[in-house]
Amino acid sequence: MKTREQRDLFPGALEMMILKTLKRQPLHGYALVQQIKRTSNDLLQIEEGSLYPALQRLLKEELVKAEWGISSTNRRVRTYKLTAKGAKHLENEVSRFEKMLEGITRVLAPGES
Amino acid sequence: MMWLKQLFSRRRLYGDLSEEIQEHLEEKIEELVAGGMSRKEATYAARREFGNVTLTEEDSRTVWQWPSIEDFFMDVRFGARMLRKNPGFAAVTIVTLAIGIAANTTIFSAVNGCMLRRPRIKDPARVVVIVTADPAKEGWGWDRQPVSAFDFVAWREQSRSFEAMVAGEQQEFVLSGEGQPERVLGLRVSADYFHSLGVEVALGRTFLADEDQSGRNRVVILSDGLWQRRFGSNPKVMGEVVRLNGEGYTVIGVMSSNYRIGVYGGPELWAPLVFPPESFLPASRGNRSLEVMARLKSGASVETARAEMVTLAQRSEQAHPGTSKGWSASAMSIQHYIADEFGVGMRLQMGVALFVLLIACVNIASLQLARGAERQTEFAVRTALGAGRFRLVRQSLVESLLIALAGGGLGLLLASWGVDLLRRGLSLTADVGSIGREMTIDHTVMIFTLGVSVLAAVLFGLVPAVHQTALGLHSTLKEGSRAISQSKARHRTQSVLVTAEIALALVLLIAAGVFVQEFLDRVHAGFGIDSNQVLTANISLSNAGYKDSSKQAAFFQEAIQRLAALPGVISAGATSTLPLGDYERTVTFSIEGRPALSRTERGRTDYFAISPDYLRALGIPLIRGRNFLSSDSAQEPPVALVNQAFVRRYFPNEDSIGKRIRLDTSGLDRPDWSEIVGVVGDVRDSFEQRKYVPQAYEPYTQKSSSVMTLVVRTGSDPAAFAPTLRRAVWGVDKDQPIAAAQTMNQVMAQSGAGMRVANILIGTFAGLGLALAAVGVFAVMAYAVAQRTHEIGIRMALGARRSDVLRMVVKKGLVLGAVGIGSGLALAAPLVWLKLGLVNDDLLPFDQRGPVFLAAVFLIWLAALLASYVPAWRATKVDPILALRHE
């Protein structure tokens, strides 16, 4: 059995991507998976086994909210929307992530060690 | 309040989640179908890609939960459902456990009442009891003897470990005045006694510092009980004068009702302890009668105090070798002192009860294993669905815990009944009776029961839990309901458990057998007296008018004469110590013409001061020589009688009659020698004692005693004679109280009551242990037979006869029994020397315990045989066709 840590890039990465994707437009679970896959040029494959627990965590922390509706394909779907709190959280996370990425990049940069 | 809202909206949340995931799958499938797959293929592919739907749902739900608590409640709900679904299993396990727990709770309630209660004094942990140790080391309690006034005063001054040292001395008082004269137990105490112990009175005051001076000491503090009973709780009694032993005492206080130190019925009044000048004469140094307590100084510990007491005792010994040679002193914490009084016997019973519980636990573990076979598939399926092993073990333990709590509850009910029975059994005897009064099921006992239940759950739950969950998932599911290798391992564990159970039961049976054997031996051994149609009544002359020894003798002489003259009386006598009724009095003695020895080196003998007709009244035979005569008065040369044991020990090869002995009945060596004029039969001192010990008698007219027991042999029912006896005594002195008159048979029954109750207890426990072990063997055999139905069917189809099958199964049971008996005997080997907590070490010779071991082995063997015979017989009823078609 795989653990979440193995599936994720790093803790919180999945949540961050979900929030970012939802910021562009509200989506339901299946569309979310497709969207992330597409945006990342198939580099990132989200597993449903991680997606749903992650969505529940975001719901619980009120970073997103969910509503039942009808999709474009005329299917009953539960659409997730970013809340104001979620937007703020995303901003913080992204800036933190960028700092971290910058640090990692510098360390990995050739010729400076 | 967010969490609260979540708690209530959760059902909807979960519904949403399931639906959402379902829709997700559908969408995926549709897309795949649109891409050209068949519907069926698409469904498989979607599922494969999605992964474990249930687990995902569960993981998602977990986000909303407090997982551990919720899982726990779920386990509880599930466990309860499992028990409801198997009422037979639930009933057997719960009742089994309840029996084990009830045994422990009952005994613990006695331990709690007697050994664990804290004395109601200030900071009892800092209070020690000062005891002395008798160099003779004979009898029970030789190392916890009281202290002499002489030593007390010296040690109080010299010791450095204590803030204060106080003494108390028991004394009987006759309380007279309005109503019938009454004997009450009093305690004379140092003036600073209550102050040092930190005890407050409910009314009035405690003693003043100078009230232990002669002349100022006529003050008394009443116990709450006496104040209620005798004075109707009237506060006006304060300052009044009451008559104690014919002298006036002013009531200055009433003790608070919850004050107590020891367990045995405490004193009913307290008066100051005054040391008369003669207590410090050399003659009185050997007179040890003070119960001494001391409060430790800050910085001092029980250990340093003990070391100091040893040094102080050595100093006393060097200064006064005549009376203190070999005597040492010690300090022990008061709680330890109290607990030790009951020590051995209660520990034995506690151990026995624990064995019953162990057997019960092993039994349940074994039953759970058997049932585990049925649940194998269930566990395998749950593992397949993603349950972790820890989760399964926990589930299993929660089920055990449910059984344990139900068993504990039922056990508590049974125990309250047991406590009741025990209390009734103990009420027969005065001193053990107070144990009974202290026995209740209070919150300490309940907490104990809860603790034992939980512990038991772990004990009987862990083995099956680990066992059940260690399944090869694959093989279990593939092989359907019969996983051969698993059932083999389980069976092995079960056999080990049952073997252990048999071993435990055997140990229990042997312990009980040894105890019963000792008891029966004492019942059947002669007492040396003829107790039928004898009435006894204890008289204590504590009134001030009887201080003179000739007055005491005169009183008893008059009383005996009046009694003997009454119609229906065959003979009437009196003794200073009633065998089987009172604690024996032991004195040292010298034999004329043999080398002089110091007191501690001299021979010892029981001592009685009696009237001439006492021997006849109690039916003690005169073997040789003559009895005392009424002419053996104080003016005549002193005479003595000895028993046969005395002769055997001290005059083995010579005629004892005509020899002269000197009995040390007081602190000083007497100048006069008593001539042995006769030899009488041996009498047992107490029920527990089985050997005869040396006994010596002197006429009460020559050695008077203020306390004697009247012994009257009547022609008809002795109990009906009690009022007549009372009238006769009151004819001599109307102010003389008489303790309850008892027939000699009652006295003997009381003497044996403690041992009898202990016997019944240990016998009951052993019986329960045996029954539980038999049930255990039965369960294992029945399970084995059920497992082998198929095999037996094949055997019979191939021509095995019913007797072959019967033999096969019974043999298995007997092999288990044999292994259990073997290991049980190894465990029980130390019981050959079991001391049983009897008052003295006076036991049957060890080699006589062999038959008990044999009988116990036979009983266990029989139980194993019976328990395996029934399932075996059932096995023979297997119809081969049915058994095979079952496949």
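All chains are named by letter (A, B, ...) in the order of the sequence lines, taking the proteins before the strands, and each is independently numbered beginning at 1. Note that the coordinates shown come from a computational prediction; the quantities given were computed from them, not determined experimentally.
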**Prompt:** Among side-chain atoms of B:E23 and A:H28, is any donor-acceptor pair under 3.5 angstrom?
**Reply:** no

**Request:** Taking the side chain as every heavy atom from C-beta outward, state whether A:Y30 and B:E31 have any atom pair closer than 4.5 Å.
**Result:** yes

**Asked** What part of B:E57 lies closer than 4.5 angstrom to a heavy atom of chain A: side chain, backbone, both or neither?
**Response** neither

**Request:** Could you tell me whether B:F78 atom CZ has more than 12 heavy atoms of other residues or ligands within 6.0 Å of it?
**Result:** yes

**Message:** I need the A:Y52 OH to B:L17 CG distance, nearest 0.5 Å.
**Reply:** 8.5 Å

**Prompt:** Where is the tightest heavy-atom contact between A:V77 and B:E27, given as atom of each residue plus distance?
**Reply:** CG1-OE1, 4.4 Å

**Item:** Shortest non-hydrogen separation from A:R78 to B:D16 and the atoms involved
**Value:** NH2-OD2, 3.5 Å

**Message:** Does atom CD (A:Q25) have a neighbourhood of more than 12 heavy atoms from anything else shown, all under 6.0 Å?
**Reply:** yes

**Prompt:** When you look at B:K28 and A:V33, which way does the side-chain contact (heavy atoms from CB on, under 4.5 Å) test go after all the steps?
**Reply:** CA-CA 11 Å; B:K28 199 167 199 163; A:V33 175; 5.9 Å; no

